[in-house]
Amino acid sequence: MSNWEVVIGLEIHAQLATKSKIFSGSPTAYGAPPNTQADLVDLAYPGVLPVLNARAVQMAVKFGLAIDAAVARRSVFARKNYFYPDLPKGYQISQYELPVVARGTLKVMLDDGSVKTVGITRAHLEEDAGKSLHEGLAHATGIDLNRAGTPLLEIVSEPDMRSAKEAVAYMKKIHTLVRYLEICDGNMQEGSFRCDANVSVRPKGQEKFGTRAEIKNLNSFRFVEKAIQYEVARQVELIESGGKVAQETRLYDSDKDETRSMRSKEEANDYRYFPDPDLLPVVIDELFIEAVRATLPELPDQKAARFAKDFALSAYDAGVLSASRELGAYFEAVIAGLGASHAKLAANWVMGELSSALNRDNADIANSKVNPRALTGLLKRIVDETISGKIAKEVFEAMWSEGKAADAIIEAKGLRQITDSGAIEGVIDSVIAANPKQLADYRSGKDKLFGFFVGQVMKATGGKANPAQLNELLKTKLGGGNA
Amino acid sequence: MSLTRQDVEKIAHLARLSITEREMPVYVSSLSSIVNFVDELSRADTSGVQPMAHPLDGQHQRLRADAVSESDHHEKYQRNAPAVAAGLYVVPRVIE
Amino acid sequence: MLHNLFIGELAERLAKRQISSVELTRHFLSRIERLNPALNAFITLTVERALEDAAAADARLGKGEKGPLLGIPLIHKDIFCTSGVKTSCGSRMLDNFVAPYDATVVARLKGAGTVMLGKSNMDEFAMGSSNETSYYGPVKNPWDISKVPGGSSGGSAAATAARLTPLATGTDTGGSIRQPAALTGVTGLKPTYGRVSRYGMIAFASSLDQAGVFARSAGDAAAVLQAMAGFDPRDSTSVDVPVPDYSKALGAPLKGLKIGLLREFFDGLEPRNAALIEEALNIYTGLGAETREVSLPHLPLSVPTYYVVAPAECSSNLSRFDGVRFGYRCEDPKDLLDLYKRSRGEGFGAEVKRRIMTGTYVLSAGYFDAYYLKAQKARRMITDDFRAAFEKVDLVIGPTTPTPAFDIGAKMNDPVLMYLNDIYTIGANLAGLPAVSVPCGFVDALPMGLQLIGPHFAEAKLLNAAHQYQQATDWHKHAPRGYE
């Protein structure tokens, strides 16, 4: 594998979060009973005509500005002609030669902390197709056109990614960005964010690209990674055993963890693109662009940079905390209550305990059972040493399940930290007295036993001894040794 | 410029049109004569001319406000559909 | 006789309650019953609906409401969606299709108080120049039933000429209103592209199609255009330009009007045709107009250009007819491909299939530049030629058709020969210009038409010129024998 280079480009389809469809006034809400959100235009009845949704254009322009792309002052809708039952008109209205957004770039942080700039060739507007359903129908397929006509922004990357991990990192960044911009809800289970991966391999050092295969409709980060990994291995094996990679469309089977060729698609479709005569060129002026620019939020990279600078966080931590606007806002709300000097504490807790709890419950931050004020209340008790960090975790779990404030739980469970030196000394004395052998061993050089004594004191105090004080006092009392 | 039978078969397939054996030679000949006729265009000098997709140059696309204006009429629309089951339009099984 | 009155006269009698809309409607319905079988101008007669519309109009008239079309019967070309009424587009593909909505044109005319007598026969999917491609059989020309009435709006033209209706709607993509109007001796108007909404008008070639009107005078046409015209938010190609008062514009003197004689129209024009146009020119100069020669050097490219652009657009527009959601479905499709191919192969007639395949071909990989792109460039050159001409003249004049009505069946085997019927009309569609055809005499006892073409949104000027001509002549008052 080491003499092969992997080349990956991603085509991401993001459903734009408009209220109505791109060319009709039907609602776009997910989950309605079949064909109850498909009007005459969506059904491609004879005589109907498309009318363009302003918001879809605004959202596309917003994306273009966020990736520093040139926004086309004039773009054209074109018909992509092919027959498929979920495509009622027999053509998809898309953009071909003149897309609304031209070349842009996106900085992506990779696992090792390095930053890669990925090129985005273009982003264009088009309409989504309906859905085909096969269950429950013998020898037949049922077509639901609720989704037909939902606006899509197709984001095409340059073939700049060189590994499955890079591809996933890029996809995650786009996912974050479209949610930041509030142009897409990024819900992959519902199909609002889909990815096709173009994968090819070439001998290291070769300039010419190898033949690529397109893997369609990957709807999770994990599937993208696994599908690409499988496909790369497949292509390498194929070439190394004398075969040739076919330019084709493949599907990823997540049960079998493999890609396979799509049987129903014959040789490359001739889409016969031509400008849609029912729609006029979309002309965007400076006023329009500036109005959209004014709605740009602080972008993920900007927020991460600000966190790193203002709160002395590592680039990695800043990146995690800015992965969504909601998470960033939560973090900042905690800082507001706690003070910037305790930013690291706040960061650790938000990235640690809070995120774990959310993951466990499969909840998102908006539904957090512990709100920023409550978390701040807990963290304050660590800062003022009312409780130790370890005890705080216990308190947090209780807050999460009982919905009570930190102070109430600390009181109710008697979890206050013991900070009275005298009291701690007393317990230390008892423990030392009860463990003469360990004392002797410690004093003769077994340093590790320090932890044993700490554990015993903590056990005796129910974990409430102030760790720092305990350490100091224990060191003194144990004396000897090399503590 | 004459079209061959193969050309016509390929076009008919792209356009999803069934052509019977009997009809085929008629289509080959009539399509050939049409293509021959429009080939006149090739003699025209169009260098430097921008293609025109709409007769009203300089008009641009109107933008519609993002509002839901349509409601559910699927029962009415599906009353005359060739095949419907559980609200879905039914076609022979599509293999992906 | 009621059926020979013009709309203005009918409106007056209705307003004065000298006659009710129901009575007027019954008059036309009984003529249709008696005379239509020989012509086959209708696909659907909407007797009950007509009487309902008429009763509603009478109620409005009774309350003292006035309107130039209130209570006036009409027919709609079967290309316009009419809610609750079969809309077939002349095709087996839509033989079972009942439209669930009204086209904007239909709704506006209904709002103006018209009474729908029925849906008229037409070439299938508006593709044809003789009304011989209809699934419902050919339409006969009332002047001679062995002859075609022209197409694609043959039914609307024939019915208007036969006085089975005072007016009819039609559509014109390459001449489908003007050519049949000329061959049947009536007035046919194609407005500027974008003047009238295309919403609900089953699409043939989207950048060329326009809805228009058949009537027996320019004055009548003006009243109908008034109700039809105007911006429609449902049609992105509809233009938001104010609608002038077309009827008020009639009567403006023609002194100083500059009329262009299109050299490319008159070159090789058949002598008797030429003689009729000469006569018409004399009338115009007599009314104070000036004539001068203009040239549109790229006009000869218009027919091949059209026969690339129109099929290209229609090949895509007709892809929605697939047997899935509405319309014809073949029996027992064995798989999806079979469903598509046989539903479409059986549902569409030969000319439609020919045009779909031509369009598919000219858009296909490898041919796009040579045909489609090239044609769109030629289109611009033709449009620019017209623009240059209109800097020198106000209107352009010429014949509407090369010959009078030809025999049914004469040109069906040669599509290219059929296409050349549109030689004078196509230019206006490519450039989106308004144009009108008015009767100007007879050749071999068959009507011939005079065509006037104007710059964008010059309908008022066009209708006025047509109207003045009709004040000075009486060709438009001739009725075919047996239909007076």
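Numbered from 1 within each chain, the chains take letters A, B, ... in sequence-line order.
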At a 4.5 Å cut-off on heavy atoms, which part of [X] comes close to chain B: side chain, backbone, both, or neither?
X      : answer
A/R74  : neither
A/P275 : side chain
A/N81  : neither
A/P281 : both

Do [X] and [Y] have side-chain heavy atoms sitting under 4.5 Å apart?
X     : Y      : result
B/Q61 : A/V57  : no
B/L88 : A/D144 : yes
A/N35 : B/Q78  : yes
B/L63 : A/F288 : yes

Worksheet item: Sub-3.5 Å donor-acceptor pair from the side chain of A/T141 to the main-chain atoms of B/V94, do we have one?
Response: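 Yes.
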Worksheet entry | Any donor-acceptor N/O pair, B/D66 side chain to A/K19 backbone, under 3.5 Å |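 It does hold such a pair.
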Worksheet item: Can you list the residues that meet the side chain to side chain contact (heavy atoms under 4.5 Å, CB included) rule with A/A102, with sequence neighbours excluded?
Response: A/A70
Worksheet item: Can you name the ring-ring contact (aromatic ring centres under 6.0 Å, His included) partners of A/F63, sequence neighbours left out?
Response: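 Scan of A/F63 (ring-ring contact (aromatic ring centres under 6.0 Å, His included), adjacent residues dropped) gives none.
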Discussion item. I'd like to check the ring-ring contact (aromatic ring centres under 6.0 Å, His included) partners of A/F77; sequence neighbours left out, ordered by chain and number.
Written reply: A/F23
Worksheet entry | Qualifying residue, where the test is side chain to side chain contact (heavy atoms under 4.5 Å, CB included) with B/H60 and the options are A/V283, A/V282, A/I284 |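 Between B/H60 and the candidates, side chain to side chain contact (heavy atoms under 4.5 Å, CB included) is satisfied uniquely by A/V283.
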Item to complete: Anything in residues 43-57 of chain B with a heavy-atom distance to chain A below 4.5 Å? Please list those residues in order.
Response: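 If one takes a 4.5 Å heavy-atom cut-off, the residues of residues 43-57 of chain B near chain A are B/A53, B/H54.
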Discussion item. As an exercise, state the distance from CG of A/L145 to NE2 of B/H74, rounded to the nearest 0.5 Å.
Written reply: 12.5 Å
